[in-house]
Q: 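My structure is below; once you've seen it, I'll send some questions.
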Number of protein chains: 2
Amino acid sequence: MNAPRTRRGTVGRDGAVSRPASGRKAPPPANLERFRAVIHRVLSRGEEHPSLVTEIACTLGAEILEGLLPPGCDLNSVELARRFRTSRTPTREALAILEKEGLVEIPPRRRPRVARHGRAEIREIYHVRAAMLALVATEAGEHAAPAEIAELREIAVRMAAAAAKGDANDYFWNNVRFHERLAELSRNRTLQRLLDSLMLRSLRFRRRTLSQPERIQRSIADHARLVGALEDRDLGLAAALVRSNVLGALRSLEALLEAEGGARGAAG
Amino acid sequence: MNAPRTRRGTVGRDGAVSRPASGRKAPPPANLERFRAVIHRVLSRGEEHPSLVTEIACTLGAEILEGLLPPGCDLNSVELARRFRTSRTPTREALAILEKEGLVEIPPRRRPRVARHGRAEIREIYHVRAAMLALVATEAGEHAAPAEIAELREIAVRMAAAAAKGDANDYFWNNVRFHERLAELSRNRTLQRLLDSLMLRSLRFRRRTLSQPERIQRSIADHARLVGALEDRDLGLAAALVRSNVLGALRSLEALLEAEGGARGAAG
DNA sequence: AGCGGAAGAAGTGTCGACAGCAGGGGAGAA
DNA sequence: TTCTCCCCTGCTGTCGACACTTCTTCCGCT
């Protein structure tokens, strides 16, 4: 409390959030760690920078995805530098990276903050994602070995099992892993990178989408059929299936947003 | 090998390149300026940072696209800082931006250098670009007003005129403008951003592709038909046309690369 | 009491400096 | 002469400092 700032929330400061220092451990940190891993994979594709910048970016990004840093939350570099015990230079660079990934906004000469996606932007992201995933499915169908497709089926089975158990979290992460593997099977690094970037943007919403049971059923069916299409090398069907799945998720998400925050205006 | 670098191949230093200061005016600077404009548009989408970083990134990017900074060329931040009369901080940030745009590679702890794209990566870029442009065509067909499509046709006509005149440069820039406008018509900012990024990567090759006369003929026909399909709101045809066009360009480019540098191994 | 403006606090963008790694060049060996 | 190893130079990543801009708060004026 050295600085009695009546400023806005600035959730970034030390004790206020995310430091598991004190007794606060209510939010399960497991997901935070998983988000960290995903972001790490996305950011340091290829080379392994054991870099300070990457470290900061991963931590912040995970907290944003987890929702610990809510949209619009201030992220000033001096607080962050203090928190990570570094100078502002790496902090700023990390913020710049997160900006490019769409998780942070940095208006010139103003404080960076957690990005807020408007409805329109969400639509855009999902539409692009649908097209890219269709391409992924096509290329995966061209290049994947049968064994690899079998592995995909295995993940799909685990997804179904998790859903049957009602373990939404397990389902969610298996879903992520499925798409991760599928992207790899396309053998197209450029596509993987772009898709990863898109995934980061949509990851914040994916979880909410998956909270709807009938959506999950549809999704499971789609995944199972997708694997089948890949086995049959039916590229057209595979592409159509993933597109339908993503677009279905979008519809579901939009209904959810409409219901929960009609007037609250998730501005954009 | 044929290395232009004993230590300081480093084409970035002052007089060696790109400074239009002295009498050197052999390379037409018009293109450089145009590249600058394109990059500027891509980098500062939305807000107008009159920022130092953007300035540096634009200048360097334009020189890379123009070919003044050849692939593999060293770009050390201290030289660049000297050249732009700034400290290394903005220089480094500019390099980081260009890295994200795929024009520069920054291996950890090593000197940044102009990115070299291997054959495989070129293929990937074009494939993704084809899929994204197909989406653009679809969404443009959904959202564009007739007047806007008419404007597109006008650009297409200019492309044909330039080609008839044999003015490859004029053709090239009209082509760029066509795709720029088309992307805008999709009303999808996310898609525009991704496509812009992809364009930056492929811009280095596009010019070579366009040097082949029969390719230009095909391309002109494709564009004319595309405008027609948009007018008819035939989304499927529009998407198929752009995809075919991009993939045709890829084939043409690959043939060219194969011919010109079969053994020279454009490593990747 | 409410509003406009000034002073102060806070934060961003930029700078120059420094420690540590990486590669080049020279010394020494074969 | 040619190969190998070590030192030296140079460059990167990081740091603390500073000027200028923006935001906040408090004061005086209406």
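Note on naming: letters A, B, ... go to the chains in the order of the sequence lines (proteins, then strands), and numbering restarts at 1 for each one.
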Q: In whole Å, what is the span from the CZ atom of A/Phe84 to the C1' atom of D/dC15?
A: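 Taking CZ of A/Phe84 and C1' of D/dC15, I get 17 Å after rounding.
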
Q: Provide, to the nearest angstrom, the distance between the CZ atom belonging to B/Arg85 and the C1' atom belonging to C/dG16.
A: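 After rounding, the gap between these two atoms is 17 Å.
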
Q: Just the rounded figure in Å: distance from C1' of C/dT12 to CG of A/Leu75.
A: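 The distance from CG of A/Leu75 to C1' of C/dT12 comes to 14 Å, rounded to the nearest Å.
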
Q: Out of the candidates B/Arg123, B/His117, B/Arg119, only one should pair with B/Glu121 under the side chain to side chain contact (heavy atoms under 4.5 Å, CB included) rule; please name it.
A: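 Of the listed residues B/Arg123, B/His117, B/Arg119, the side chain to side chain contact (heavy atoms under 4.5 Å, CB included) partner of B/Glu121 is B/His117.
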
Q: Please work out if A/Thr86 contacts a base, only the sugar-phosphate, or nothing of the nucleic acid, heavy-atom cut-off 4.0 Å.
A: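 Here A/Thr86 touches the backbone only, sparing every base.
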
Q: Contact class for B/Ser51 vs. all strands (heavy atom < 4.0 Å): base, sugar-phosphate, or nothing?
A: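 Counting heavy atoms under 4.0 Å across all strands, no contact is made by B/Ser51.
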
Q: Which listed nucleotide (C/dC15, C/dT12, D/dT14) is nearest to the side chain of A/Arg111?
A: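 Per side-chain heavy atoms of A/Arg111, the pick is C/dT12.
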
Q: Please test A/Arg201 against A/Ser197 for side chain to side chain donor-acceptor pair (under 3.5 Å), starting from the C-alpha separation and ending with a verdict.
A: CA-CA 7 Å; A/Arg201 280 161 227 247; A/Ser197 185; 3.3 Å; yes

Q: Starting at CZ of A/Arg113 and ending at C1' of D/dC23, how long is that distance when rounded to a whole Å?
A: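 Rounded to whole Å, this separation is 14 Å.
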
Q: Consider salt bridge (charged side-chain N to carboxylate O under 4.0 Å, His left out). Of B/Glu55, B/Glu63, B/Glu66, which one does B/Arg36 pass it with?
A: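 Option passing the salt bridge (charged side-chain N to carboxylate O under 4.0 Å, His left out) with B/Arg36: B/Glu55.
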
Q: Donor-acceptor pair under 3.5 Å: do we get one between A/Arg88's side chain and the base of C/dG13?
A: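 Indeed, a donor on one side and an acceptor on the other fall under 3.5 Å apart.
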
Q: How close or far is atom C1' of C/dG23 from atom CG of B/Asp74, stated in whole angstroms?
A: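 Computing the B/Asp74:CG to C/dG23:C1' distance gives 11 Å.
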
Q: Could you tell me whether the phosphate oxygens of C/dG23, OP1 or OP2, come under 4.0 Å of any side-chain nitrogen or oxygen in B/Arg110?
A: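 Checking B/Arg110 against C/dG23: at least one side-chain N or O falls below 4.0 Å of OP1 or OP2.
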
Q: Measuring from the side chain of B/Asn76 (C-beta onward, heavy atoms only), which nucleotide among D/dT12, C/dG16, C/dG13 has the closest atom?
A: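 Minimum distance to the B/Asn76 side chain belongs to D/dT12.
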
Q: Using a cut-off of strictly less than 4.0 Å, decide whether A/Arg92 has a side-chain nitrogen or oxygen near OP1 or OP2 of C/dG13.
A: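 Indeed, a polar side-chain atom of A/Arg92 lies that close.
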
Q: Record whether the side chain of B/Arg109 comes under 3.5 Å of the base of C/dG23 through a donor-acceptor pair of N or O atoms.
A: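 Per atom types, no contact qualifies.
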
Q: Using whole Å, report how far CD of A/Glu93 lies from P of C/dT12.
A: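 Rounded to whole Å, this separation is 16 Å.
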
Q: So which one's nearest nucleotide on DNA chain D is more toward 5', B/Val78 or A/Pro108?
A: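 The 5'-side residue here is B/Val78.
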
Q: Rounding to an integer number of Å, can you tell me how far B/Arg82 CZ sits from D/dC11 C1'?
A: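 So the two atoms are 11 Å apart, to the nearest Å.
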
Q: Might you point out which heavy atoms bring B/Glu139 and B/Ser186 nearest each other, and give the distance in Å?
A: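 It is OE1-O, 3.7 Å.
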
Q: Show your reasoning for whether side chain to side chain donor-acceptor pair (under 3.5 Å) applies to B/Ser77 and B/Arg88.
A: CA-CA 6 Å; B/Ser77 57; B/Arg88 281 176 54 233; 3.1 Å; yes

Q: Is any side-chain nitrogen or oxygen of B/Ser77 closer than 4.0 Å to OP1 or OP2 of D/dT12?
A: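 Affirmative; the distance criterion is met.
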
Q: Mind calculating the distance between CD1 (B/Ile106) and P (D/dG13) to the nearest angstrom?
A: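 Rounded to the whole Å, the gap is 7 Å.
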
